[in-house]
Amino acid sequence: MEEAGAPHFPFPYQPYPIQEQFMQALYGALEHGKVGIFESPTGTGKSLSLICGALSWLRDHEEKRRQEADRLLQGGGVTALSISSSLSTTTSSSAEPDWITDFVQKKAERDFVSKLKDEELRRKKREEHLEMIRNNSQLKYALKRKSCEDDEAVKLLQLSKDPQGEELKDPEEEELIVAEYESDDESKTKNKFCGGDDDDEDDLVEEHVTKIYYCSRTHSQLAQFVHEVQKSPFSQDISLVTLGSRQNMCVNEEVRRLGSVQRINDRCMEMQKNKHDQRPKEVEGGKRKRGVSKAVCPYIGAQGLQTLRDAVLGAVRDIEQLLSLARETRSCPYYATRLAIPPAQLVVLPYQTVLHEGTRRASGVQLKGQVLIIDEAHNLSDVLSCIHSSELTGAQLCRAHSQLAQYSERYRSRLKAKNLMYIKQILFVVEGLVRVLGGKVGQNPHSQTTQPATELLTINNFLFKAQIDNINLFKVQRYFEKSMISRKLCGFIEKYAGTGVTSHTQTSHTQTQFANKENRRTEGLNRYLQTLQSSQQPDTESHPGQQGAAEDRELAASPMMQVEGFFMALTNTNTDGRVVLHTQGSVAVSSMKFLLLNPAVHFSQVLKDCRAVIIAGGTMQPVSDFKQELLFSAGVGADRIIEFSCGHVIPPENILPIVLCSGPSGQELEFTFQNRDTPRMMEETGRVLSNLCNVVPGGVVCFFPSYDYSRRILEHWEASGVLARLSSKKKIFQEPKKANQVEQVLNEFSCTIQRCAVDGGTLSGALLFSVVGGKMSEGINFSDDLGRCIVMVGMPYPNIKSPELKEKMAYLDKNLPHSGGRSPGQALIDNLCMKAVNQSIGRAIRHRGDYACIVLCDRRYSRPATLAKLPDWIRAHTHTHTKFGPAFAGLRRFFMEKKKQQQQQL
């Protein structure tokens, strides 16, 4: 094996120098337990560099551990242990006799050696098992399993908790609707004298080997990463498992047809319950009669799950290959992959699963001492804030109060005094929350009117305003967790929906709203995922039909689980969050939102548990606020943080970034809020684009700072004839309003460019109008002729009038140090703007042979502080032009030279 200072990196081809530098820096960060910020532009082989660098470290780390264990078992460990024992002895009482000290030391040595032998034995068994699987003997191995292993697998399923936070309980316990809650003393006594389940669970929990957790934003990005692993030299030796949601993993066609995540989760849990519910039931007259047959899932079987788990560990497969294998073996890949986590060396999963503690725990992800790689991490701070925020509407509060009140009334005679006390406290708190919104429980929230207003409060002030500051929310939250009252309430509503029991003070949608059985621990994650979907349509007009569909989606979620999530948010410290009250029209549509101001409080545990954390992305600039807000605030010292930013693999002559300070007529380009809507500024922007379209071949992508400005400027151009002039040179496309139309627009955009390149004619390509932060500003590949020129119109600053953003700025100004002459709040505004810019301009130049120009149309880009926030590989080649003439000449020359090079190659 190579020395630690010069590791060997297997690579499928001769790596670029920057790839070698990347892997060396990554290896060093993992070896020394660092928090690394790695920036590598798209097209530089970042994924492959991450794979080969990280897995090389894992290979060497395991080899070092084996060598160290062999050395200690052969006698070299006695001295080391003796030193450790002597150190511990000196710190203890010096009055201990020598024979006691000697006995303790020898016993510790024996225990240490025994532990090493056990670990070595388990390691060899794991390796033999994996080798047997890879030799295609897993089916024989599965058939030879003892029947008792079936029971163990069932227990594993029952003990594990799914990523929706759902515990797989005994069916008899599922039938019990009444919430049972015990005090700590009662719980401890029962566990002590009745055996409990703790010992069984410990016995069934499999040891987690040293592993690497790789996280990215979407399932498609995870699939691309797995394909890179398959192409790497490690594909035959690594055990990899990909985690996904039921919606992605389910192979039961009956369940898949349900479509929505929520309905799929509910149906899956119901079918698991039904499997154990086919038992004889007592009826009158002493006769036994089997209950009505219920649908069960044929893919949940202990032997099948373990067979599929073995197959997952035996070869690297993406989700599609895994689903195909699962259908052949008729086994559930969703649960099989979860069972494969402990022995897996590389776990691939969406990073929201890792960032939310409840979801992490429910999924069986253990970060202690492991390596975490977070890819596509440019918006990590925003994701953390969104996941751990919570929002409630007045309609949800009123429904939750009505349901819980009816539940309490129906089971009053069966509820313990402690249960009644906590239920009354929850009802009292919900009443207070409704009062804050200007309403009153027991009345139709749609008929209670309120004055439109927005108020922002600290957590303590909000509790005082709601008159619930005398309630211990920590105890209430613990009651939620121990009793699972939210889940039992779902069962209560399902059982009595349509009987009139749940109709009190509810809307006409009541009978279709209570199918959700998700645990409150994933409420923040689910809301974040919904936010991702809704953010794809920020400019969609609201129609009555769409409004009704939105209401149906809201009603489909369990209101009490939403309330529980909000209760949990209120247990944050007073300084870490704020509550925003929005009253508008009626109590039903009024809302309260918990806004997390300090994402570091939830990221700190991840940083503390992991051996090393790698935060990677194609564009991580600017990183100053990132380090301050997420790392320093989480207690990470500067000595533990390393930064690595590599250049692009393209030659310098393949990129031409330009800051354009004025247009063809001499009009200064500064798209401030005051002058960007003036006719002369819009006309000048049209002249800039018209000139660019004359010289740029193929595709031009123009980004506007907002949907609103895009609409206004395009309307002006249509009226003034600018659009007609542009369409005579390039076919015009616009970013669609609906996310499901993006693929179609991109295909037509691509086909037009290809057709123009072949046919010639008057059109030289296509022009696409898009929006910063929209559907095409992230994750879209405008390589080669699709993006020969990226135009950025103005600077996309966020809305500083937003109450949430104002409070965030105030929080940063108060809690973070000032530097560089700008307050942390103002720095946040600048950084949000430039992060969005960097993501948009990074859509072009996607591989080594690609080339493009980037035109930044605003003189404010020429400021040194702003230029410093561009990626290094772009900033180093950026030219600032105060006049349009020299800039246009440089553009013409750039594309003429590229045309000559292409002709010479032909």
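Each residue takes its place number in the sequence, starting with 1. Since this is a predicted model, take the numbers as computed values, not measurements.
A donor-acceptor pair is defined here as one N or O able to donate and one able to accept, closer than 3.5 Å; no such pair exists between the side chain of S750 and the backbone of N747. With hydrogens and angles ignored, the 3.5 Å screen pairs no side-chain donor or acceptor of S324 with any backbone N or O of E320. Formation of a donor-acceptor pair under 3.5 Å by the Y851 side chain with backbone atoms of F894 is not found in this model. Side-chain N or O atoms of R65 include none that pairs as donor or acceptor with a backbone N or O of H61 at under 3.5 Å. Of the possible donor and acceptor atoms, none in the side chain of Q224 sits under 3.5 Å from a partner among the backbone N and O of Q221. The backbone N or O of D382 lies less than 3.5 Å from no partner atom in the side chain of N379, so there is not a single donor-acceptor pair. The closest donor-acceptor contact from the side chain of E228 to the backbone of S47 lies at 3.5 Å or more, if one exists at all. Between the S363 side chain and the V365 main chain, no donor and acceptor come within less than 3.5 Å of each other. Between the side chain of T329 and the backbone N or O of L325 there is at least one donor-acceptor pair closer than 3.5 Å. Of the possible polar contacts, one joining the K211 side chain to the I341 backbone as a donor-acceptor pair under 3.5 Å is found.
Note that the CD1 atom of I51 and the CG atom of L26 stand 11.0 Å from one another [nearest 0.5 Å]. Note that CD1 of I18 and CE of M23 are 10.5 Å apart. Values are rounded to the nearest 0.5 Å. In this structure, the separation between CG on L30 and SG on C610 is 11.0 Å, given to the nearest 0.5 Å. Between R611 atom CZ and L372 atom CG the span is 14.0 Å, to the nearest 0.5 Å. Rounded to the nearest 0.5 Å, atoms CZ (F22) and SG (C52) are 11.0 Å apart. The distance from atom NE2 of H356 to atom SG of C386, rounded to the nearest 0.5 Å, is 11.0 Å.
The shortest non-hydrogen separation linking N654 to I845 is O-CD1, 4.1 Å. Of all non-hydrogen atoms in Q370 and T210, the two that sit nearest each other are OE1-CA, 3.3 Å. Across all non-hydrogen atoms, the minimal contact from S216 to E376 is OG-CG, 3.5 Å. Between I655 and I874, the shortest heavy-atom contact is CD1-CG1, 4.0 Å. Among all heavy-atom pairs drawn from M249 and L243, the shortest one is CE-C, 3.9 Å. Considering every non-hydrogen atom in both K775 and E735, the closest pair reads N-OE2, 3.1 Å.
The side-chain contact (heavy atoms from CB on, under 4.5 Å) check on N248 picks up H219, S245, with sequence neighbours excluded. For the side-chain contact (heavy atoms from CB on, under 4.5 Å) test, residues two or more places apart in sequence or in another chain that qualify with R875 are L870, D872.
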From CA spacing to verdict: side-chain hydrogen bond (donor to acceptor under 3.5 Å, both in side chains), R309, S331: CA-CA 9 Å; R309 181 196 66 174; S331 301; over 6 Å; no
Take R59 and E63 through the test salt bridge (charged side-chain N to carboxylate O under 4.0 Å, His left out) and record every step on the way to the result. CA-CA 6 Å; R59 173 203 62 195; E63 181 62 28; over 6 Å; no
Hey, mind stepping through Q306 and D310 against side-chain hydrogen bond (donor to acceptor under 3.5 Å, both in side chains) and telling me if it holds? CA-CA 6 Å; Q306 293 195 23; D310 291 347; over 6 Å; no
Just do the salt bridge (charged side-chain N to carboxylate O under 4.0 Å, His left out) check on K64 and E31 with the steps written out, would you? CA-CA 12 Å; K64 288 177 183 177; E31 182 68 18; 3.3 Å; yes
One pair to check against side-chain contact (heavy atoms from CB on, under 4.5 Å): C853 and R788. What are the steps and the verdict? CA-CA 6 Å; C853 65; R788 290 304 183 198; over 6 Å; no
Full working for side-chain contact (heavy atoms from CB on, under 4.5 Å) between Y299 and Y335: CA-CA 10 Å; Y299 294 88; Y335 285 108; over 6 Å; no
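Because its NZ or CZ atom is not both nearer than 6.0 Å to the ring centre of F782 and within 45° of the ring axis, R843 does not count as a cation-pi partner of that residue.
Atom CD of Q230 has more than 12 neighbouring heavy atoms from other residues, nucleotides or ligands inside a 6.0 Å radius. Within 6.0 Å of CD on E253 lie more than 12 heavy atoms contributed by other residues, nucleotides or ligands.
Salt-bridge formation is detected for the pair K46/D375: a Lys NZ or Arg NE/NH1/NH2 atom is positioned less than 4.0 Å from an Asp or Glu carboxylate oxygen. With respect to the salt-bridge test (charged N to carboxylate O, under 4.0 angstrom), the residues E653 and K898 do not qualify. R360 has no carboxylate O lying under 4.0 Å from a charged side-chain N of D609, or vice versa, which leaves the two without a salt bridge.
The closest side-chain heavy-atom distance from I642 to I37 is not below 4.5 Å. Two residues are said to be in side-chain contact when any heavy atoms from C-beta on lie closer than 4.5 Å; V348 and L240 meet this criterion. Between L630 and L384 the shortest side-chain heavy-atom distance falls below 4.5 Å. Within the 4.5 Å cutoff, no side-chain heavy atoms of V209 are placed close to those of P342. Residues L308 and L322 are in side-chain contact: their nearest non-hydrogen atoms beyond the backbone lie under 4.5 Å apart. Side-chain contact between H227 and D318 is present, with heavy atoms from C-beta onward closer than 4.5 Å. Within the 4.5 Å cutoff, the side chain of L222 has heavy atoms near those of the P350 side chain. Inter-residue side-chain proximity for V837 and F703 is flagged as unmet; no heavy-atom pair is nearer than 4.5 Å.
Ring pair F38/F644 is tilted by interplanar angle, where 30° to 60° counts as tilted. Classification of the Y13-F11 ring pair by plane angle, with boundaries at 30° and 60°, yields perpendicular.
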